[in-house]
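Written below as structure tokens is the structure these notes are about.
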Amino acid sequence: MNAPVVTEKKLAIDGGPKTRTVPYGTGVRFSGRELDYLKEALSQNTLFYYKGGMVKRFTRRFADMNGFKYCTAVSSGTAAIHTALIALGVSVGHEVIVTPLTDMGSAIGILYQNAVPVFADIHPNNYTLDPAAVERAITPRTKAILAVHLTGGPCDMDAMLAIGKKHNIPVIEDCAQAWGSTYKGRPVGGLGVFGCFSTNDFKQVSTGDGGLVVTQDDSLGRAAFEIADKNYRRTAADADRAPKSLAPNYRMTELQGAVGLAQIERLDDICARRNRWGDGLTERIKDVPGIDAHAVAEGGKCTYMYYAGRIRPAELTVDLDRFIAALNAEGVPAFKVYSSPVYRYGLFRDRTVYPGSAFPLEGTGQSYRYDKGLCPVAEAVVDTSFSLPVSEFFTEQDLEETAAAVRKVARAYLR
Ligand SMILES: *Cc1c(COP(=O)(O)O)cnc(C)c1O
């Protein structure tokens, strides 16, 4: 007979039995295929993307897997977004609409272009941009909308694209957390004008660091390729190679390309497992009183870089810290997902984007402030959301016990 999942009422934090009975499943992220391609990369006698074959194979393979026309490899997800912004001509005096709950990498490129991020509020349970808030944030200075598919859950892309079309503003997809995610059956990254991916070590696939910029547009595809490499036009005649505007060096090396090529061969499997795990958790905790499960926008398939539920403080006798401590005691390594909305980071709050200068938050004819209360939904999410662990290596037992721990803790603390 199978041992039943522990249903004991007494919480582990109060000396009761732990819900989790075995360590979470683990596995090897990098192995034979990565090593083979790395050896091949080294044997080329060059690690420069333009001469070698690995970055080319990595980008071509990813583009072909998804039906993307152009794919440029860069050094990070931050670099991918910055490259897209440069290609779209984002510059001084422009605004880019973005979500307040995201990685700093969503905002960095905007500021490096001396443009200004305008934060629009989010949906309370799927954590992506609220279309009505985006619409309200549009001004004559808006040059782009950065639709962040947070956790791997796609934004309401029909609404984002409709707003973009109505105001003639391009939509860039921040897919850094959204490897393998789809919206209404189509891969994310190919819905907006640009899709930007990250291969930092915390994403579904890793090259240590790295990123990809994809587009279907011929001239933007060529522009992104050049911008990522100092705006050199390496394919042009000698006289035409020199850069005509400023761009950074965001090149990916052949070593990253080799690992990336191996990693995306695992992508479908990794993403299918993470999708099953996250949706499986939701299935098991969505009716638990006192909490909200992680929602996904209609038509979206989420690949869960992480899982974020929320407590309903009015229905519980404890605060978020105690709720998380109780989950930890049950053997679930939950943690507080966000420390703050991005706009409350020091550089915005204290207006110190560039040391000793308030530019571009001042000085372009418009004054920008990022006070508390700017995006109330995002602020409430910061105060009430808890993460549950996600990995492609977790087992069925891990799933049942994780869900059981959440049920047990929520029930014990119900008012
Ligand atoms: C990770 C991440 C980035 C930045 O990617 P890096 O490779 O770390 O530069 C940007 N946006 C989001 C939503 C991310 O999660």
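Remember, predicted model here, so these are calculated numbers, not experimental data. One-based numbering, in listed order, for ligands and for the atoms of each. Side chains are part of it too, since the values below use all heavy atoms of this structure and drop only hydrogens, waters and symmetry mates.
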Check your understanding: Does Asp398 pair with Arg20 as a salt bridge, N-O distance under 4.0 Å?
Key ->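 The answer is yes: the pair qualifies as a salt bridge.
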Exercise for review: Flag the pair Lys166 and Glu135 as a salt bridge only when some basic side-chain nitrogen lies within less than 4.0 angstrom of an acidic carboxylate oxygen.
Suggested key: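 Salt bridge between Lys166 and Glu135, a charged N being under 4.0 Å from a carboxylate O: yes.
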Practice item. Enter the distance from Asn200:CG to Thr207:OG1 here, rounded to the nearest 0.5 Å. Key: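 Atom-to-atom, Asn200:CG and Thr207:OG1 are 8.5 Å apart.
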Distances only, to 0.1 Å: what are the N or O pairs between ligand 1 and the protein that fall under 3.5 Å?
residue  : atom   : partner : partner atom : Å
ligand 1 : 5 (O)  : Ser198  : OG           : 3.3
ligand 1 : 7 (O)  : Gly77   : N            : 2.7
ligand 1 : 7 (O)  : Ser198  : OG           : 2.7
ligand 1 : 8 (O)  : Asn200  : ND2          : 2.8
ligand 1 : 9 (O)  : Gly77   : N            : 3.3
ligand 1 : 9 (O)  : Thr78   : N            : 2.8
ligand 1 : 9 (O)  : Thr78   : OG1          : 2.5
ligand 1 : 11 (N) : Ser106  : OG           : 3.3
ligand 1 : 11 (N) : Asp174  : OD1          : 3.3
ligand 1 : 11 (N) : Asp174  : OD2          : 2.8
ligand 1 : 15 (O) : Gln177  : NE2          : 2.7
ligand 1 : 15 (O) : Lys203  : NZ           : 2.6

Review point. Between His149 and Tyr183, does the ring centroid distance fall short of 6.0 Å?
Key: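 No, too far apart.
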Practice item. Applying salt bridge (Lys or Arg N to Asp or Glu O under 4.0 Å) between Glu330 and each of Lys18, Lys408, Arg407, report the one that passes. Key: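 Going through the options one by one, the only one that passes is Lys408.
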**Study point:** Qualifying residues under ring pair (Phe, Tyr, Trp, His ring centres under 6.0 Å), relative to Phe348, sequence neighbours excluded
**Key:**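 Once residues adjacent in sequence are excluded, the partners of Phe348 under the ring pair (Phe, Tyr, Trp, His ring centres under 6.0 Å) criterion are Phe119, Tyr370.
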